[in-house]
There are 2 protein chains.
Amino acid sequence: MRATLDFLLHDWLAVESLSERPRFADHSRETFDAVLDTCEKIAREKFAPFNRLADTQEPRFDGERVHLPQATHAALAAYAESGMLAAAQDHEIGGMQLPCVVEMAGNAFFSKASVAMSGYAMLTSGNASLLMAHGTPAQIDMFAKNEFAGRWFGTMCLSEPQAGSSLSDVATRAVPDGPGFEHDPLGPRYRLNGNKMWISGGEHDLTENIVHLVLAKIPDEDGRLAPGVKGISLFVVPKFLVGLQDGERLPKAVLLARNDVALAGLNHKLGYRGTTNTLLNFGEGRFPVRGQADTGGLDGNGAGAIGYRVGAPGEGLKCMFHMMNEARIGVGLGAVMLGYAGYEASLEYARQRPQGRTHRKPPVEGAGGSAGKDAGAPQSPIIEHADVKRMLLAQKAYVEGGLALALYCARLVDEQATGAPEASREAGTLLEMLTPIAKSWPSELCLEANSLAIQVHGGYGYTRDFPVEQYWRDNRLNMIHEGTHGIQGLDLLGRKAVMNGGAGLKLVASRIDAGIARAAQVQGLEEHAHALAGALQRLGSATKSAWATGDPVDALANATPYLQAFGHTVLAWMWLELALVARQRLAAKALQTGSPDADFLHGKLAAARYFFHYELPKTSAWLNVVQARDATCRDMQAGWF
Amino acid sequence: MRATLDFLLHDWLAVESLSERPRFADHSRETFDAVLDTCEKIAREKFAPFNRLADTQEPRFDGERVHLPQATHAALAAYAESGMLAAAQDHEIGGMQLPCVVEMAGNAFFSKASVAMSGYAMLTSGNASLLMAHGTPAQIDMFAKNEFAGRWFGTMCLSEPQAGSSLSDVATRAVPDGPGFEHDPLGPRYRLNGNKMWISGGEHDLTENIVHLVLAKIPDEDGRLAPGVKGISLFVVPKFLVGLQDGERLPKAVLLARNDVALAGLNHKLGYRGTTNTLLNFGEGRFPVRGQADTGGLDGNGAGAIGYRVGAPGEGLKCMFHMMNEARIGVGLGAVMLGYAGYEASLEYARQRPQGRTHRKPPVEGAGGSAGKDAGAPQSPIIEHADVKRMLLAQKAYVEGGLALALYCARLVDEQATGAPEASREAGTLLEMLTPIAKSWPSELCLEANSLAIQVHGGYGYTRDFPVEQYWRDNRLNMIHEGTHGIQGLDLLGRKAVMNGGAGLKLVASRIDAGIARAAQVQGLEEHAHALAGALQRLGSATKSAWATGDPVDALANATPYLQAFGHTVLAWMWLELALVARQRLAAKALQTGSPDADFLHGKLAAARYFFHYELPKTSAWLNVVQARDATCRDMQAGWF
């Protein structure tokens with residue numbers, strides 16, 4: 001994978017040039033390489049060997065504590081030690097000021113080694129980054145910095161049992177905690193009551209404290225919660241309440257009383273078992289908070305978990321979604337890396353496993369020689385069978401293409417943050433358009449890659465003696481969390497494709513057109529360029545037709561096929577870009593056929609060819625129903641099933 | 001499901017008319033219904049409630065015995081008691097002389113309730129049926145009859161660790177057991193040495209004996225095994241050697257010494273855990289057989305497991321594959337029923353789970369009313385969301401279509417066995433063509449149905465608190481066993497599509513054309529008829545083009561996409577047939593809109609529409625590469641990955 005990562009980061013995305021920007025001025029190809037080397041090493045030594053263990057030794061709750069394997073403790077300690085939790089943060093708070101694209105490339109190694117074990121770190125980093133953007137200085141000092149240091153881990157608490165994808169139905173209440181509630185040094189203090197479901201990392205014994213970021217509604221004077229998402233606010237709710245104590249040099253955070261956040265139960269999952277997933281009860285009274293925190297608040301008896309508001313009232317969703325692009329790209333990258341792990345495992349297996357024999361071409365063409373098989377010959381490694389090559393090529397096209405898209409998007413995050421104003425704005429718009437794809441496409445196609453990895457292994461792939469079945473189970477989560485597949489489709493066709501009069505769609509199309517124009521001039525890529533132009537034209541036409549009546553009921557009934565077609569079109573664009581780079585490098589270096597470098601580049605061209613011949617044509621079937629505003633699904637009656 | 005089963009068996013396949021044939025003369029709609037009632041009841045009471053248990057209490061080997069849950073014992077005892085093991089057998093050996101199509105319909109309930117628990121029964125029935133076709137009267141009396149009675153269970157031992165799909169590499173040796181070896185009452189006696197992998201039901205404590213049917217090669221005078229499949233013979237190898245003892249009325253089979261068949265290990269699988277899967281060592285010396293069975297044979301020391309040859313030497317594969325169509329249709333039906341179980345579970349969930357709100361059509365069209373959502377309104381059941389309806393419709397189209405194909409094929413088995421000569425021959429040819437589809441298509445698409453069932457459940461579907469994740473895990477096996485997906489593609493394009501100058505393909509096309517001709521006359525189905533005609537034409541053209549060079553290397557590189565396209569075309573035909581029946585019944589009965597009967601038929605028409613609009617167009621992308629003899633995969637070099 002490292003060679004492909006270097007190809008993507010340097011030959012394609014020219015990431016080194018970011019060091020010309022002030023924020024990244026301390027960096028260079030060498031520092032970027034060093035980060036990747038470190039990540040690769042820790043992931044190989046501390047994560048990968050224990051990925052199966054994290055699956056079989058599922059988190060266990062003894063009524064008091066949730067136990068995780070010692071290997072998970074050791075792995076995350078090594079991760080924290082590496083500084084990756086604060087990789088993208090400012091030097092002044094102990095960060096590395098790494099570009100997002102390098103941070104994501106580094107984290108890719110951990111996702112590949114053990115997506116479930118590394119989940120705690122990704123959540124913590126995302127949680128703390130959100131506090132950096134929206135927290136007060138005191139919240140940053142107390143919570144974010146202790147998270148970046150790996151002393152405490154973090155969670156995101158959005159869903160509730162009765163409100164999964166529908167955040168407007170959040171029913172957790174946050175009531176101001178006494179008359180002086182707004183003067184707490186850690187922010188306006190509230191009491192929270194409610195249940196949060198599907199909370200990853202919601203309980204564990206990895207760190208002494210857990211920092212929950214919680215969406216809740218502040219009731220009006222009559223105690224009513226506003227309907228819809230507008231009434232949602234954001235709160236930081238630590239498992240243990242914290243205060244400051246004089247330290248040797250600086251005041252030091254210390255744990256005070258247990259806050260009223262109680263584990264109601266662990267979810268027992270199909271995969272991703274190394275990450276605890278929990279139902280949490282806030283303010284159920286299991287750990288009542290009285291004494292110094294109890295100011296005899298408005299709620300009469302001081303009941304409820306104590307939380308400190310982050311950002312303004314009613315701005316909770318906006319704050320939470322500030323980091324959404326990065327979070328969703330991260331989920332997509334996790335799906336890619338599971339696919340990558342399966343690809344590498346099945347490639348290795350296919351090279352070593354002898355089975356059957358290939359048909360032989362007649363020795364002299366037209367000479368009527370037999371194209372049969374010689375049953376007496378030794379068996380061939382299965383990588384020589386065309387259908388096995390098909391399954392490996394499909395995986396390669398899915399996982400390397402998915403990795404390219406994730407890194408392209410991460411590079412856009414950097415552009416948005418550090419580019420010139422116009423470039424920054426454009427990067428932001430492109431991110432809005434591409435994030436639903438970067439999240440959904442690998443969740444679906446790299447899951448398919450994992451299924452192909454099982455298939456390459458035959459019966460062995462179906463046993464727990466090989467790793468591929470776990471990758472497949474782990475990856476099935478990714479179409480569900482961080483916005484389901486259906487939600488991504490609605491976001492793309494219902495919001496992104498029509499925002500600002502379709503400006504985002506036009507911008508994406510202009511970037512794709514630029515790639516097409518370049519490829520049309522390169523021998524061997526003209527056909528691909530032509531195919532992509534056709535797909536892009538059909539995509540634009542279908543978008544218009546979907547909205548021709550202006551009625552979302554008509555347009556959105558086929559939002560998921562639209563998402564699939566859009567995704568395949570974007571991925572074809574990625575592969576066209578990679579093929580362009582591969583062709584350029586082959587031409588520039590005049591590499592000898594059969595040399596490792598030439599083989600590497602021919603592999604990229606073959607994967608591109610696979611994608612254009614076998615995958616891109618699928619977009620027609622998906623777009624047919626979008627174009628026609630096909631009513632089969634929306635007209636279906638519940639009673640007809 | 002029962003209503004759909006009745007619709008398929010009676011409104012479509014007119015199964016009752018089989019009772020006009022001598023073999024089925026004792027049967028009627030009433031006896032068929034009684035069989036289905038019994039199967040449905042036993043499956044509901046004895047199998048379904050324990051399907052999760054059979055997964056979590058995986059078979060355990062204590063060094064002596066393999067233990068299975070008591071529930072599995074009870075379920076299979078009830079199955080045996082029902083007489084279904086011998087459902088299709090002659091009255092005179094205690095069978096029911098049921099048509100295959102009714103037998104399969106009955107077994108469908110068991111596969112849906114617990115595919116893994118019912119696996120033992122399906123294997124036993126298949127094993128004994130094979131002995132009925134190829135065994136000697138003594139072998140039938142001793143082995144087949146005790147299997148039909150449920151006293152002993154059976155297995156099929158084909159694969160070996162070094163020879164999975166490649167049976168020509170079978171290395172198990174069978175040596176004649178002494179000079180008088182051919183005079184054993186149970187058949188010519190051999191000593192077997194070798195290892196067999198992936199043997200389902202290879203060891204368990206469900207029955208007192210296990211009857212293995214084993215493929216092995218008889219060495220030539222120099223001790224060499226013939227290369228290829230021609231040297232393979234078939235042997236019946238019981239776990240315990242057996243003899244006859246005087247019983248009250250008839251001689252009774254009794255167990256003698258333990259035969260040298262040893263469990264080398266259990267395979268620990270992703271799913272299908274309720275069926276033991278084993279590596280068996282034959283003749284390793286763990287249970288040496290001496291004494292009465294040891295005649296000081298040619299092998300010098302009497303080593304090896306004792307086996308009795310079934311059929312002529314070298315005819316092993318022919319004997320084993322005699323029942324292959326039915327076995328593969330059975331695997332396909334198992335895949336369908338896993339899909340069906342997930343469909344029913346997710347349909348029930350979608351009806352009950354409130355989440356989010358649907359867009360509302362403007363109250364008066366064109367009046368400019370808002371199509372927005374009312375956040376204050378109660379949440380809707382998710383079945384009202386168009387994308388959830390899409391996921392349910394897709395499942396319905398896959399599982400009901402798959403069930404139709406399995407029953408259509410089973411009906412062909414009956415036609416081949418009991419039809420007039422010409423009809424019987426045609427049925428045989430159609431079976432050759434359709435069996436690869438009946439096996440592969442549900443393995444792939446009903447697995448996809450299971451994934452959609454998880455998706456409909458959201459996060460809950462990813463937990464082990466709901467059954468859908470197990471269905472998905474269980475179903476992943478079906479693309480692997482009984483001939484992998486790749487093998488099915490090679491069989492279809494490499495052998496079946498070209499046999500007798502393409503006669504089989506022509507016959508399938510003529511049947512499809514007949515359906516198209518009828519549908520073209522029916523209002524509302526003309527468009528489907530037209531679409532299917534186009535797909536069929538492209539399929540024929542791609543078949544010709546694939547073989548245009550006559551070189552299998554060119555043709556077969558895209559055998560899997562061909563299999564997928566052929567499958568979707570056949571399934572579209574099935575749905576056209578079902579839509580025809582539904583239209584006829586709606587017209588004939590003038591059913592009131594909204595009546596349960598009308599709803600049922602409208603559901604069939606909607607699923608057909610879904611298949612024609614969303615699925616059939618996918619065939620173009622698959623056929624493109626077949627038509628072009630696309631060389632991307634076969635030209636890929638191992639070094640390029």
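Every heavy atom of this structure was used, including side-chain atoms; hydrogens, water molecules and symmetry mates were not. Sequence lines set the chain letters: A, B, ... in the order given, protein chains first and strands last, and positions in each chain run from 1.
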Engaged part of L392(A) at the chain B interface, taking heavy atoms whose separation is under 4.5 Å: both

Between Q379(B), R351(B), E615(B), M391(B), the one whose heavy-atom pairs under 4.5 Å with chain A are most numerous: Q379(B)

Under 4.5 Å from a heavy atom of chain B, the part of Y343(A) involved: side chain

Choice from G639(A), A607(A), G228(A) maximising heavy atom contacts with chain B below 4.5 Å: G639(A)

Top contributor to chain A interface from H268(B), Q162(B), H385(B) [non-hydrogen pairs under 4.5 Å]: H268(B)

Side-chain donor-acceptor contact under 3.5 Å, Q455(A) with H485(B): no

Engaged part of S451(B) at the chain A interface, taking heavy atoms whose separation is under 4.5 Å: both

pair P161(A)-L279(A): side-chain heavy atoms closer than 4.5 Å: yes

Which of W622(A), Y460(A), F600(A) touches chain B most, by non-hydrogen pairs under 4.5 Å: Y460(A)

Ion pair check, K604(B) and E400(B), cut-off under 4.0 Å: yes

Portion of T619(A) that has a non-hydrogen atom of chain B nearer than 4.5 angstrom: neither

Under 3.5 Å donor-acceptor, D474(A) side chain and G271(A) backbone: no

Stepwise side chain to side chain contact (heavy atoms under 4.5 Å, CB included) test for W472(B) and I454(B): CA-CA 8 Å; W472(B) 189 63; I454(B) 292 174; 3.8 Å; yes

L477(A), part contacting chain B, at a heavy-atom distance under 4.5 Å: both

Which atoms of N558(A) approach chain B - backbone, side chain, both or neither, heavy atom under 4.5 Å: side chain

Under 3.5 Å side-chain donor-acceptor pair for N267(B) and T463(A): no

When E469(A), Q470(A), H457(A) are compared by non-hydrogen pairs under 4.5 Å with chain B, the top option: E469(A)

Which of A621(B), G376(B), A598(B) touches chain A most, by non-hydrogen pairs under 4.5 Å: A621(B)

Point-to-point distance, once rounded to the nearest 0.5 Å, from CZ of R273(A) to CG of L266(A): 13.0 Å

Test item: H568(B) and L623(B) side chains (from C-beta on) under 4.5 Å apart, heavy atoms: no

Pick from R353(B), H481(B), Q355(B) with the largest number of heavy-atom pairs that fall under 4.5 Å of chain A: Q355(B)

Atom group of A559(A) that falls short of 4.5 Å from chain B, counting heavy atoms: neither

Chain A contacts, top residue of A350(B), S168(B), G458(B) (heavy-atom pairs, under 4.5 Å): G458(B)

Short side-chain to backbone donor-acceptor contact, E160(A) and M197(A), under 3.5 Å: no

Shortest non-hydrogen separation from R609(B) to W640(A) and the atoms involved: NH2-CZ3, 4.4 Å

P561(A), part contacting chain B, at a heavy-atom distance under 4.5 Å: side chain

K389(B) and D635(A) ion-paired at < 4.0 Å: no

Pick from L393(B), D387(B), V388(B) with the largest number of heavy-atom pairs that fall under 4.5 Å of chain A: L393(B)

L447(B) portion near chain A, given a 4.5 angstrom heavy-atom threshold: side chain

K396(A) portion near chain B, given a 4.5 angstrom heavy-atom threshold: side chain

Interface moiety of R473(B) toward chain A, non-hydrogen atoms closer than 4.5 Å: both

Salt-bridge contact D169(A)-R357(B) (side-chain N to carboxylate O under 4.0 Å): yes

